[in-house]
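Heads up: the structure comes next, in C-alpha cells.
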Amino acid sequence: MATLRFKMVEEAIKRKAVCVAAPEGRPSGYFGSRVFGREAMRKYLPKQTFEALSRTMEHGTPLSRETADSVAAGMKQWAMDMGATHYTHWFQPLTGGTAEKHDAFVEHDGRGGMIEEFSGKLLIQQEPDASSFPNGGIRNTFEARGYSAWDATSPAFVVDDTLCIPTIFIAYTGEALDYKVPLLRSLNAVDKAATAVCRYFDPAVEKVFSYLGWEQEYFLVDEGLWAARPDLMLTGRTLMGHESAKNQQLEDHYFGAIPTRVMAFMEDLEYECLKLGIPAKTRHNEVAPNQFELAPIYEETNLANDHNQLLMSTIKKVARRHSFRVLLHEKPFKGINGSGKHNNWSLGTDTGVNLLAPGKTPAGNLQFVTFLVNVLMAVYKHNGVLKASISSATNAHRLGANEAPPAIISVFLGSQVSEVLDRLERSTADQAIVFDGKSGFRMGGIAHIPELLIDNTDRNRTSPFAFTGNRFEFRAVGSSANCAGAMITLNTAVAAQLRDFKAAVDEKIAAGESREKALFTVLKACIGECKPIRFDGNGYCDRWKEEAARRGLDCETSVPLIFDRFMAPDTVKMFTGTGVLSEKELRARAEVYTETYTKKIQIEARVLGDLAMNHIIPVASRYQAMLLDKVDKINRMFPSGKSQMVASYDVGLIEKLSYHMTEIHAKTEALTDARKVANRIADEREKAIAYHDTVAPLFDEIRYHIDKLELIVDNEMWPLPKYRELLFIR
Ligand code: ADP
Ligand code: MG
C-alpha cells in the first residue's frame, strides 16, 4: 500500500538539523576567499599584468595575448592552490540556469607524460558544441560552432575542484546565444545615455552604473517526500494535492522563528555564498509555510546577476547536504503564495550619486526628477515587452493570481512623489524654475523632497514595479528566472528613452532656452504623457483591469501572445537603436521562449496524465473494490431491505469514486488528444497558443477530481505525500 509515502513521512519527521562546520573567524575574513578577486590577483599576477587586467575590468580595454597568458598562468596557480584540478567556461544559455563543460588542467607534455596546462587562449575563448543549446534558428546544424569568451568584468571563482570562468556565449556568426551578451550591451547603452544626461548637471560624470539587488524567494521540502512526488521531481511543482487544512491563514510563518533544520541549512548556505563573494545579507521566512528568502547587498548589475545564477546552483547543492530539495518554481503549491525574485534596480554615477535618490540641492532634485520621469516614460512606452521579459509558463501561475503582481505592468510611486510630479505638471516653467543670483536656481514648490521620502515608503505589495525611496523594485520577475531577462529590457528601455529625452532637450537649448527651463519643459510633457502607467491602487481588483485597458496598457494574459511583444515595431526599434539586440537576435529569443513554453506545458501534461492513470486511478479503483467487496458481504448477510440501508453510505462512496474516476479518465484522454493535435502544428507560435488554449486548461479540471479523490480514498492507500506533509518542516 502507501508504504513509500509513510516511510518517507516517518523519515522526514525524524530528521535532525545537520551540524555544519562553523565558519572560521568573521565573515570579512572569508568573504570572497574562493574568488579570483583583486587581492588574489595582486598576489598571483605580475604587477604589469595586474595593471593591464585592471584596465580591462574597469574600462573594457582588450587584453593582449601576452597579458592573457600571464593572467591564465596566475589564475591557474591560484586555482590549484585552492585545490582545483579542472576548469570550465561558465555561461548562461537561454535554457535558464548555467552551463559548464569541465576540462582538466592537463595536457600531453610531448614526451608521453602529462603537464598542468592552462594558456591564455584557453582562458579567453573556447568552443563548446552549441548545437545542444537553444538558439532560435540562429545556428544551423551544419554550423554548430558557438564560442564562449571570458567576461573579465566578472571574476573567476572556484567551486569544489573546478575553476569557473564567467563567459559570454555567442554564435560563430557573432549573435548572442545567452543572457550575458545582451545584458552587457544594455548596461553599456544605459551608461552612455545616462552619462550624457547627467552631464547637464555635473560635467565630471564619466560613467553611470546600473545596480541590482535581487531578493530570491524559494521553498524547501524534505528530500524523501520530494522523491515520492514525481510531479515535483519532473516539473518543479505539484500538479495535484488538496490544500492542507492549515496553510497560511494564520500568517504565522512570515518573519516567524526559523525551524532549526532550516536554520542550519541557511547558515551553511550563507557561508558558501560569502566565500563565493555573494554578499548575502538578509534571510527570513516568507508568507507561505516552508517559504524563505535570501537577499544580498546590491551590486553592479552584471556581477549581481552572475551572483544570482551562482546562488541558484549553490542553494540546490547546499539543500541536498541537509536532505532538502529547494523549489525555485514560481508556484510549487496551489492555494498558497508563489515565489518571486524582486529586482531592486537603480542607476548611480562614478561620482557616487544615486540618480534615483532625491537630491539635497535644487540641481540634485531636478536631476532626480529627470531620471525618475524618464524611467516612468520607459516603463510606460515599453510595458508590453517588459511583461514579455518576465513571462514564462511557470511565472504565469503567479501573475494575475490574487497574490503576486498582476499581469499588467504599472508603476507605484507613493503619494509624496506623485504629489511632486503633479505639482510640476501644473506649474509653468517660470513657477517651477526660479532663477536667483545666489544659488543659481531653485525649484518652485519641490525643494523639500529629500528627508521625508525614504522613511515613508508607503508600500504597495500589489504593484509589479514600485518606487521604494531610492530605487525601483521590479517585483514581477519570477523566482526561477535569470534576472538578466528583466534587466536587459529595463536598461535598454531606459537607455532608449534617455536618448530621446536628451535630443528633445538639446533641441530647446539650441533654440535659445536655458538648460533648466528646457529640461523642465520636456519633463512636463513627459509627466503628462506617461500618466497612464502610474497606479497606486490595488492591482488585484477587477476594476483595475478595466481601467488599465482603458488607459491602453498591455493587458494580455496568454503567455504565447505576450511573447508577440518582442517583435512589435517599437520593441525592435528600441533594441536595435541601442545596439542591444539585432532583429535576428530578438526573433531568435522570442522563438526560444515560445518553444520553452510549449515544452514545459507538454512535460506537465505528460506527467499529469501518467500520475492520473497510473497512480491515482489504480489506487481509487482498489479502494472502490474493497468497498464493493464489503457491500457484497453486507448484501449476503442482511435481508434485502435491511442491507440497502446498511450499505447505503458505502454505495454512495462507490458512486462518487466512479464519478471522479470517470471524469479523470475522460479528461485525461481529452488531454492526450489535445496534445496530439497541438503536436502536429508546425508553426511554433501557433503550437504554443494551442498548448495554452487547449492543453493547459485541462490541468485544473483533472486536478479538481484528483483532489476530490484525495479526500475520499483511505489515507493509508494514498500514494503521494500530501500538502500537510510536504509543507511543514519541524
Ligand atoms: P524589502 O524590504 O524590499 O524586502 P530587502 O532588504 O529584503 O527589502 O531587499 C532590498 C534589496 O534592495 C537588497 O538587495 C538591497 O541591497 C537592495 N537595494 C538597496 N538599495 C539599492 C539601490 N540603490 N539599488 C539597487 N538595489 C538596492
Ligand atoms: Mg522587497
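Note: hydrogens, waters and symmetry copies are ignored here, and every other heavy atom, side chains too, is used. Just follow the structure's listing: the first ligand is 1, and inside any ligand the first atom is 1. Everything quoted here is computed from the prediction, not taken from an experiment.
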Exercise for review: Check whether any N or O atom of Tyr298, backbone or side chain, sits under 3.5 Å from an N or O atom of ligand 1, and answer yes or no.
Suggested key: yes
Exercise for review: Would you please say whether a donor-acceptor pair under 3.5 Å links the side chains of Glu330 and His397?
Suggested key: no
Check your understanding: With respect to atom 14 (O) of ligand 1, which of Pro296, Gly348, Ala357 exhibits the smallest heavy-atom separation?
Key -> Pro296
Point to revise | Within-shell test, His342 vs ligand 1, heavy atom, strictly < 4.0 Å | key: no
Practice item. Pull out every atom of ligand 1 sitting under 4.0 Å from any heavy atom of Ile297, numbered as shown with elements. Key: 16 (O)
Practice item. Check whether any N or O atom of Ser346, backbone or side chain, sits under 3.5 Å from an N or O atom of ligand 1, and answer yes or no. Key: yes
Point to revise | Trp345, any N or O under 3.5 Å of ligand 1 N or O | key: no
**Study point:** ligand 1 versus Asn354: contacting region, heavy-atom distance under 4.0 Å
**Key:** side chain
Check your understanding: Does the side chain of Lys180 come under 3.5 Å of the side chain of Gln92 through a donor N or O and an acceptor N or O?
Key -> no
Review point. Of all the heavy atoms in Glu473, does at least one lie under 4.0 Å from an atom in ligand 1?
Key: yes
**Study point:** Contact summary for Lys331 and His329, nearest pair of heavy atoms
**Key:** N-ND1, 2.8 Å
Review point. What atoms of ligand 1 come within less than 4.0 Å of a heavy atom belonging to Glu293?
Key: 7 (O)
Check your understanding: Ring centres of Tyr593 and Phe566 under 6.0 Å apart?
Key -> yes
Review point. Are the aromatic ring centres of Phe465 and Phe472 under 6.0 angstrom apart?
Key: yes
Check your understanding: Just by distance, with hydrogens left out, do Gln216 and Asn308 show a side-chain donor and acceptor under 3.5 Å apart?
Key -> yes
Check your understanding: If you count the non-hydrogen atoms of other residues, nucleotides and ligands that lie under 6.0 Å from CZ in Arg320, is the total more than 12?
Key -> no
Point to revise | Within-cut-off N or O pair, Ala295 and ligand 1, under 3.5 Å | key: no
